[in-house]
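Only one structure is covered here, and it is reproduced in the block below.
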Amino acid sequence: MIDLTFPDGAVRSYEQGVTGRTIAEGLSKSLAKKAAMIRLNGDLYDLDRPIEGHGTIEILLRDAPEMLEVIRHDAAHLLAQAVQELFPGTQVTIGPSIEDGFYYDFARAEPFSLDDLPKIEKKMKELVDRDEKIVREVWDRNEAIAHFESIGENYKAEIIRDLPGTETITVYRHGDNWKDLCRGPHFPSSKFVGKAFKLTKLAGAYWRGDQNNAQLQRIYGTAWASEEDLQAYLTRIEEAEKRDHRKIGRQMDLFHMQEEGRGMVFWHPKGWTLWQTLEAYIRRKLDKAGYVEVRTPQVLDSTFWQKSGHWDKYRANMFVCETVEGETLAVKPMSCPGHVQVFNVGLRSYRELPIRMGEFGSCHRYEPSGSLHGLMRVRAFTQDDGHIFCREDQVVSEVSDFVTLTQQVYADLGFEVDEIALSTRPAPDVRAGTDEQWDQSEAMLLDASRKAGVEPRIAPGDGAFYGPKLEFIVRDAIGRTWTCGTIQLDMVLPERLSAEYVAEDGSRRRPIMLHRAIFGSFERFIGITIENYAGKFPLWLAPLQVMVAPITSDTNDYAQQVAQKLRNAGIRVDTDLRNEKINYKIREHSLAKVPVIAVIGRKEAETGEVALRYLGQDGQSILSLDEAVRVLTTGAAPPDL
RNA sequence: GCUGCCGUGGCUCAGUGGUAGAGCACUCCCUUGGUAAGGGAGAGGUCGUGAGUUCAAUCCUCACCGGCAGCACCA
């Protein structure tokens with residue numbers, strides 16, 4: 001007999017090997033009908049899986065929050081079953097649940113077409129209606145390999161072969177004869193999946209995520225506990241797509257890109273104003289944080305990049321050019337080696353450290369064509385780059401100050417960091433430095449983030465070859481994540497470029513170099529900012545802050561006086577003197593997301609006032625011109641001033 | 001880079017084997033109108049590029065270029 005403790009504290013005894021279903025039946029008929037799964041000692045267990053020992057048990061219904069993942073995982077299996085019924089000969093590989101849904105990777109010679117998705121979806125719903133029993137079976141490893149090979153499922157056989165010998169091989173059977181290798185757990189039958197799912201897209205994916213392997217076809221879907229949740233999700237996606245910075249960038253006339261310059265941005269006047277506003281802001285922040293600003297060359301001889309190590313490691317990503325005189329030059333992909341040159345001029349003393357060197361460095365990288373994405377991933381970009389040269393004993397406080405500064409900046413700009421990741425040492429064959437150096441560097445970054453009140457997620461193996469890094473990851477409107485800020489400890493470059501300082505004891509020492517950026521690239525940061533505000537920028541950031549719109553043409557002169565007065569006060573202002581009705585002007589400038597419309601009618605012209613109408617608000621406030629200037633200049637002050 | 005889909009006026013999109021259409025924007029005219037579209041007229045496209053099939057290609061086929069999604073990459 002075994003003792004099981006229920007959530008209410010009750011303890012009951014059962015025979016060993018009892019299943020969740022039997023237990024549920026013993027409690028109540030209706031519970032048994034609705035039971036979807038159990039949680040045993042914290043782990044999810046199939047309803048019909050025998051329980052072998054004592055423990056705590058909880059019976060879970062389909063609508064439990066933790067079942068959503070199971071719904072998605074089971075939906076992935078139904079997808080695989082449906083595909084194999086419709087397209088015999090297709091091999092299945094893996095199909096996990098993911099955020100908001102699931103996918104399944106298939107190997108099939110013919111490509112799936114978008115038109116196949118509704119057919120597959122229909123078949124999946126049929127499978128739900130069939131209410132196929134889903135049964136867990138434990139198989140012998142070799143038999144399982146033999147079985148999957150015999151039915152031509154070579155990927156599955158490969159997965160089993162690579163599982164550790166200690167792993168229990170479980171196969172889930174749907175209905176009579178469809179089987180899939182899976183760790184589980186799953187619902188007892190297909191009806192639990194429900195029908196609140198939808199296949200969404202088709203894509204390629206490499207087997208085991210390695211581009212040297214075969215390319216598979218991936219079908220993505222979304223799945224939810226209820227039809228309402230599904231609809232809410234679809235609406236959410238639709239809304240998010242409206243914030244896409246590429247779309248808003250066009251609508252608001254901020255920038256454009258064209259095919260002759262893939263991954264390169266043409267900034268229009270309004271977009272450039274936004275840029276300069278952000279640049280002025282971050283420059284003030286860096287000044288206050290003790291940075292000095294420098295400017296280093298755009299193009300340097302290849303011998304320089306050989307010395308820095310970029311020629312070996314990074315050449316494929318560099319723009320390289322030959323001169324008529326036979327030199328080979330390369331456009332800088334990053335500013336760090338240049339900064340070391342500035343550091344290296346003259347003899348540095350330990351007393352000078354830390355030196356915090358900043359540059360709004362324009363860099364070029366030949367990024368893979370498939371990775372380009374609006375402003376988020378470009379080939380020509382400007383970093384708010386900076387390098388801190390310091391002593392070992394200064395690393396923790398420098399990193400910690402940086403984390404704090406970065407959080408301040410993000411808060412000023414109104415967006416949330418999705419997460420902060422500490423990327424640790426990559427594989428031994430690619431990383432530089434000793435294990436002791438890595439131990440110490442990683443520990444310093446962790447220590448520093450904690451000092452700044454941040455607990456990073458550890459991203460094992462994601463560090464650069466030259467050192468570990470902290471990354472500030474934010475999310476775009478459509479849910480994709482992007483790295484903005486970062487601080488990286490470099491144990492290689494000072495050595496390669498012979499950076500040194502004179503220590504207290506007169507000896508020559510290598511400084512530690514910290515690469516850091518808060519925006520990351522201006523391009524990406526502006527992209528994120530556009531999406532974050534959906535183009536409705538706060539007054540201080542808005543490229544055009546006030547539109548002066550007269551109601552009739554006889555107040556045009558006064559409108560221009562108003563505009564001039566605001567302009568003199570530093571407000572970004574324009575006038576709309578077109579022969580259009582005020583309704584029309586208000587509609588147009590509201591859609592253009594101009595924060596303030598100053599409406600000028602005869603009344604205002606007579607009394608020397610203006611009527612301010614704020615974006616998103618219906619009312620207006622009528623102020624004297626002087627008062628309006630005061631209100632607007634105050635409202636337009638950057639958050640740090 | 002890989003796989004799939006897509007490529008028609010500035011923008012959003014419709015359309016056909018017989019060389020094209022709508023709405024918005026644009027220009028001009030009328031209208032001077034108090035808080036999200038007043039009315040009328042006009043101009044604007046070698047249908048991504050190249051080749052092929054055909055009497056005839058924007059439409060079918062192929063290649064290339066570019067865009068989108070995912071994957072891979074992101075010293």
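Just so you know, these numbers use all the heavy atoms, side chains as well, and skip hydrogens, waters and symmetry mates. Every chain is numbered from 1 and lettered A, B, ... according to where its sequence line falls, protein lines coming before strand lines.
Nucleotide B:rG66 forms a Watson-Crick or G-U wobble pair with B:rC6, both donor-acceptor distances falling under 3.5 Å. If you check B:rU32 for Watson-Crick or wobble pairing at under 3.5 angstrom, you find it has no partner at all. Pair assignment for B:rU58: none, as no Watson-Crick or G-U wobble contacts are both less than 3.5 Å. Using the Watson-Crick or G-U wobble rule with both distances under 3.5 Å, B:rC47 pairs with nothing in any strand shown. Pairing partner, B:rA20: none, since no Watson-Crick or wobble contact has both distances short of 3.5 Å. Under the Watson-Crick and G-U wobble criteria, each requiring two contacts below 3.5 Å, nucleotide B:rA41 is paired to B:rU27.
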Does the side-chain contact (heavy atoms from CB on, under 4.5 Å) test come out yes or no for A:Val320 and A:Trp311, once each step is laid out? CA-CA 10 Å; A:Val320 176; A:Trp311 204 251; 3.9 Å; yes
Show, in sequence, the C-alpha distance, side-chain angles and deciding distance for A:Thr296 and A:Gln341, and conclude whether the side chain to side chain donor-acceptor pair (under 3.5 Å) test is met. CA-CA 9 Å; A:Thr296 61; A:Gln341 305 315 299; over 6 Å; no
Evaluate A:His373 against A:Arg480 for side-chain contact (heavy atoms from CB on, under 4.5 Å), listing each step before the verdict. CA-CA 11 Å; A:His373 181 91; A:Arg480 284 179 280 228; 3.1 Å; yes
Verdict with reasoning, A:Arg246 to A:Leu375, per side-chain contact (heavy atoms from CB on, under 4.5 Å): CA-CA 8 Å; A:Arg246 293 166 298 186; A:Leu375 296 177; over 6 Å; no
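Following rounding to the nearest Å, A:Arg578 (CZ) and B:rG38 (P) show an atom-to-atom distance of 11 Å. Rounded to whole Å, the distance from CG on A:Asp554 to C1' on B:rG33 is 11 Å. In this structure, CZ of A:Arg587 is placed 11 Å from P of B:rC24, rounded to the nearest angstrom. Per the geometry, CG belonging to A:Asp618 stands 14 Å off C1' belonging to B:rG34, to the nearest Å. As rounded to whole Å, 8 Å separates atom P of B:rC5 from atom CG of A:Leu114. The interatomic distance linking A:Ile551 (CD1) with B:rG33 (P) rounds to 10 Å, in whole Å. One interatomic measurement links the two molecules: CE of A:Met264 to P of B:rG67, which rounds to 12 Å at whole-angstrom precision. Summarising the geometry, the separation between NE2 on A:His589 and P on B:rA36 is reported as 13 Å, rounded to the nearest angstrom.
Below the 3.5 angstrom threshold, one finds a donor paired with an acceptor across the side chain of A:Glu604 and the base of B:rG34.
Residues A:Val599 and A:Pro111 both approach RNA chain B. Their nearest nucleotides, taken by heavy-atom distance, put A:Pro111 toward the 5′ side.
A:Glu604 approaches A:Ala611 most closely through the heavy-atom pair OE2-CB, 3.8 Å. Across all non-hydrogen atoms, the minimal contact from A:Thr555 to A:Pro550 is OG1-CB, 3.4 Å.
The residue A:Lys603 sits close to a base: some heavy atom pair falls under 4.0 Å. Residue A:Arg602 is classed as a base contact, given a heavy-atom separation below 4.0 Å to a base. Within the nucleic acid shown, A:Leu216 has no heavy atom closer than 4.0 Å to any nucleic acid atom. Across all strands shown, A:Ala611 has heavy atoms under 4.0 Å from base atoms, whether or not it also approaches the sugar-phosphate.
Regarding contacts with the backbone of B:rU12, a side-chain N or O of A:Arg250 is found under 4.0 angstrom from either OP1 or OP2. Phosphate proximity of B:rG34 to A:Arg613: absent, as no side-chain N or O sits under 4.0 Å from OP1 or OP2.
A cation-pi arrangement is present between A:Arg379 and A:Tyr366 under the rule of less than 6.0 angstrom and at most 45 degrees off the ring axis.
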Assign a letter to each nucleotide of nucleotides 41-49 of chain B from its 5' end: B, base within under 4.0 Å of a protein heavy atom; S, sugar-phosphate only; -, no contact. ---------
Using a cut-off of 4.0 Å between protein heavy atoms and nucleotide atoms, how would you tag nucleotides 69-75 of chain B 5' to 3' with B, S and -? SBBBBBB
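Distance alone, capped at 3.5 Å, places no donor-acceptor pair between the A:Glu523 side chain and the A:Arg377 backbone.
Among the nucleotides B:rU32, B:rA36, B:rG38, the one closest to any side-chain atom of A:Leu591 is B:rA36.
Between A:Phe102 and A:Tyr104, the gap from one ring centroid to the other reaches at least 6.0 Å. Ring-centre distance between A:Phe525 and A:Phe415: below the 6.0 Å cut-off.
For the pair A:Phe112/A:Lys119, no side-chain contact is recorded, criterion being any heavy-atom separation below 4.5 Å from C-beta on.
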